[in-house]
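A short write-up of the structure that comes next.
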Amino acid sequence: AAKNAGRNGYAIYEPGMGEAQRRRQRIEAELAGALDRGELALHYQPRLDLAQGRIVSYEALLRWSHREDGSISPADFIPVAEETGLIVPIGAFVLREACAAAARLFPETGMSVNVSPRQFRDPEFLETVLDALEASGLPPDRLELEITESVLVDDDRRAIAILETLERAGVRIALDDFGTGYSSLSYLTRFPFDTIKIDRSFIRGMEDDDSAWHIVESVLRLSEGLGVRVVAEGVETPDQLLRLMQRGCDEVQGYLIAAPAGADVAARTIPEAVRTILDDPAAYAATR
Ligand code: C2E
Ligand code: MG
Ligand code: MG
Ligand code: MG
């Protein structure tokens with residue numbers, strides 16, 4: 001109640017407002033100052049290349065530690081940032097930080113940055129990306145931008161022109177959360193993505209839901225023909241890893257490898273249990 005009143009006065013609560021709505025307003029009021037108060041920081045989650053058996057890149061994931069409310073999930077504040085437009089300055093901060101971290105703290109690996117539709121539509125987006133590369137000295141081919149198909153929905157031609165400019169500059173482009181949208185397959189024909197990331201919901205369902213597994217399998221088959229790299233998101237169990245390896249998945253990301261963590265503590269190596277499976281999948285398969 002009192003805590004939720006907001007100190008700057010622009011969160012106005014009507015009686016009868018639901019808890020969710022009050023929470024949404026609180027986030028909106030507080031997010032505006034979060035960047036200046038230094039409450040936003042990046043965590044980094046590794047991506048494991050299955051053929052090479054090593055970490056080949058990291059995904060930058062935004063974290064918000066509010067001075068009173070503690071940590072607030074991106075699932076709660078990214079949509080608010082997107083609706084209010086705050087994602088534009090916040091996204092510029094993410095790009096600068098992630099490129100700087102890649103250049104200084106994660107040598108010889110790629111860095112993936114999530115880009116939301118509103119950010120992508122901003123007239124200065126291209127410049128923001130190129131500035132972050134220049135300021136950090138990061139070679140463009142070590143940066144990958146993760147977009148979702150919703151970026152391509154509204155302003156298709158303009159979006160594709162920007163993606164093409166980025167690709168010509170050497171930046172890689174990934175299609176994130178693949179399979180969750182309306183007509184995912186058709187998006188693969190609109191732009192030559194470097195990477196597709198199969199959404200975590202399919203990986204989670206893989207073991208007991210036959211249709212989820214068939215979808216994963218067909219994406220892996222399809223990708224061979226298209227020459228695109230496939231990353232499985234949200235890999236949590238050795239069995240998921242094994243099945244993905246057996247079907248030629250290129251890379252995995254998930255708690256089995258490592259959770260996202262600050263640059264100083266982010267995983268640099270892979271767990272021994274994962275190493276064992278990579279080294280001898282047949283031996284692991286025989287123990288199951
Ligand atoms: P995403 O890009 O699909 O990121 C993957 C999400 O899955 C992350 O959640 C990550 O922490 C989580 N994850 C990774 N491995 C596992 C696993 O094994 N199990 C489970 N249960 N979860 C796993 P997070 O960090 O909460 O981010 C959620 C979403 O918020 C992201 O989904 C992305 O869409 C958005 N987001 C995060 N950071 C940024 C950012 O800097 N900019 C923009 N525009 N969006 C961001
Ligand atoms: Mg992502
Ligand atoms: Mg994703
Ligand atoms: Mg996802």
Side-chain angles (χ1 to χ4, degrees), residues 27 31 34-35 39-48 55 57-65 71-102 110-122 125 128-129 132 143-151 172-181 184 193-207 219 229-241 244 251-262 266-267 270-271 274:
I27 288 174
L31 190 58
L35 200 52
E39 293 174 355
L40 299 179
L42 294 182
H43 276 190
Y44 300 92
Q45 185 179 37
R47 243 161 68 178
L48 168 64
I55 291 169
S57 69
Y58 289 83
E59 178 174 6
L61 293 158
L62 195 56
R63 295 292 176 260
W64 180 12
S65 309
S71 91
I72 301 169
S73 164
D76 292 328
F77 75 83
I78 294 286
V80 177
E82 175 81 7
E83 281 165 44
T84 56
L86 284 168
I87 194 66
V88 172
I90 290 173
F93 161 81
V94 171
L95 277 160
R96 277 195 310 272
E97 281 279 309
C99 289
M111 180 61 67
S112 291
V113 173
N114 292 284
V115 175
S116 72
R118 176 81 172 253
Q119 250 179 298
F120 196 85
R121 281 201 307 275
D122 183 75
F125 176 66
T128 305
V129 176
L143 177 65
E144 182 172 78
L145 302 179
E146 297 192 5
I147 63 166
T148 54
E149 59 187 40
S150 50
V151 161
R172 295 173 202 274
I173 308 293
L175 184 56
D176 202 358
D177 301 342
F178 186 73
T180 56
S184 291
F193 290 97
D194 298 285
T195 308
I196 25 190
K197 301 188 77 176
I198 305 179
D199 192 69
R200 173 153 60 87
S201 55
F202 298 101
I203 307 304
R204 193 198 306 129
M206 220 167 88
E207 280 150 312
V219 172
R229 291 187 73 71
V230 180
V231 181
E233 293 190 313
V235 174
E236 294 183 352
T237 72
D239 281 10
Q240 289 167 348
L241 175 66
L244 290 162
E251 295 177 31
V252 296
Q253 188 178 0
Y255 297 163
L256 180 69
I257 318 305
I270 59 177
V274 170

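Residues: numbered from 1 along the sequence shown. Whatever order the structure lists ligands and atoms in, that order sets their numbers, starting from 1.
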*Side-chain contact, heavy-atom cut-off 4.5 Å: Glu97 with Leu40?*
no

*Which option, Ser73, Ala232, Pro74, owns the non-hydrogen atom nearest atom 29 (C) of ligand 1?*
Pro74

*Atom indices of ligand 1, in the order listed, that fall short of 4.0 Å to a heavy atom of Gly254*: 15 (N), 18 (O)

_Residue Glu233 vicinity, atoms of ligand 1 by number, heavy atom under 4.0 Å_ = 3 (O)

*Between Thr148, Leu61, Ile87, flag the one that comes closest to atom 37 (C) of ligand 1 by a heavy atom.*
Leu61

*Is the closest N or O pair between Asp176 and ligand 1 shorter than 3.5 Å?*
yes

*Is any side-chain N of the basic residue among Glu144 and Arg47 closer than 4.0 Å to the acidic one's carboxylate O?*
yes

*Please work out whether any backbone atom (N, CA, C, O) or any side-chain heavy atom from C-beta onward of Glu82 is under 4.0 Å from ligand 1, and answer side chain, backbone, both or neither.*
neither

*Contact check: Asn114 vs ligand 1, nitrogen or oxygen atoms, below 3.5 angstrom*: yes

*Leu256 and ligand 1 - part of the residue with a heavy-atom distance under 4.0 Å*: neither

*Measure across Lys197 and Gln253 and return the closest heavy-atom pair with its distance rounded to 0.1 Å.*
NZ-OE1, 2.8 Å

*Output the list of atoms in ligand 1 that are nearer than 4.0 Å to some heavy atom of Pro260, sorted by atom number.*
11 (O)

*Of all the heavy-atom pairs spanning Ala267 and Ala258, show the shortest one and how long it is.*
CB-CB, 3.5 Å

*Search all heavy atoms of Ala98 against all heavy atoms of Val113 and return the closest pair with its distance.*
CB-CG2, 3.6 Å

*Hey, does His43 sit under 4.0 Å from ligand 1 if you only count heavy atoms?*
no

*Report yes if some heavy atom in the side chain of Gln45 is under 4.5 Å from a heavy atom in the side chain of Tyr255; otherwise report no.*
yes

*Does ligand 1 have any atom sitting under 4.0 Å from a heavy atom of Gly234?*
yes

_Close N or O approach (Leu62, ligand 1; < 3.5 Å)_ = yes

*Answer with yes or no whether Lys197 contacts ligand 1, where contact means a heavy atom under 4.0 Å from a ligand atom.*
no

*Evaluate the side-chain proximity of Asn114 to Ile78: yes if any heavy-atom separation is below 4.5 Å, no if none is.*
no

*Would you say Leu62 and Phe77 make side-chain contact, with heavy atoms under 4.5 Å?*
yes

*So, do Glu59 and Pro260 sit near enough that their side-chain heavy atoms are less than 4.5 Å apart?*
no

*So, the side chain of Asp176 versus the backbone of Thr148: is there a donor-acceptor pair under 3.5 Å, distance only?*
no

*Hey, looking at atom 46 (C) of ligand 1, which of Val235, Ile78, Asp76, Val252 has the closest heavy atom?*
Ile78

_Could you enumerate the protein N, O or S atoms under 2.8 Å from the Mg ion (ligand 2), written like residue then atom name?_
Glu59 OE2, Asn114 OD1, Glu146 OE1, Asp176 OD2

*asked:* Contact between Leu145 and Phe120 at the side-chain level, heavy atoms closer than 4.5 Å - yes or no?
replied: no

*Could you tell me which atoms of ligand 1, counted from 1 in the order shown, lie closer than 4.0 angstrom to a heavy atom of Arg200?*
7 (O), 19 (N), 20 (C), 21 (N), 22 (N), 23 (C)

*Are Tyr58 and Leu42 close enough that some pair of their side-chain heavy atoms sits under 4.5 Å apart?*
no

*asked:* Could you tell me, atom by atom, which parts of ligand 1 come under 4.0 Å of a heavy atom of Gln119?
replied: 44 (N)

*Which of the atoms in ligand 1, numbered in the order shown and given with their element, are less than 4.0 Å from a heavy-atom of Glu236?*
17 (C), 18 (O), 19 (N), 20 (C), 21 (N)

*Which of these, Val113, Ile147, Asp177, has its nearest heavy atom closest to atom 3 (O) of ligand 1?*
Asp177

*Going from CG on Leu31 to CG on Leu86, what distance comes out if it is rounded to the nearest 0.5 angstrom?*
5.0 Å

*Would you say Phe193 and Ile147 make side-chain contact, with heavy atoms under 4.5 Å?*
yes

*Considering only heavy atoms of Ser116, which atoms of ligand 1 have at least one such atom less than 4.0 Å away?*
44 (N)

*By salt bridge (Lys or Arg N to Asp or Glu O under 4.0 Å), which residues pair with Arg229, not counting sequence neighbours?*
Asp49, Glu251

_Within the 4.0 Å heavy-atom shell around Gln45, which atoms of ligand 1 are there?_
14 (C), 15 (N)

*So, Thr237 and Asp239: side-chain donor and acceptor under 3.5 Å apart, yes or no?*
no

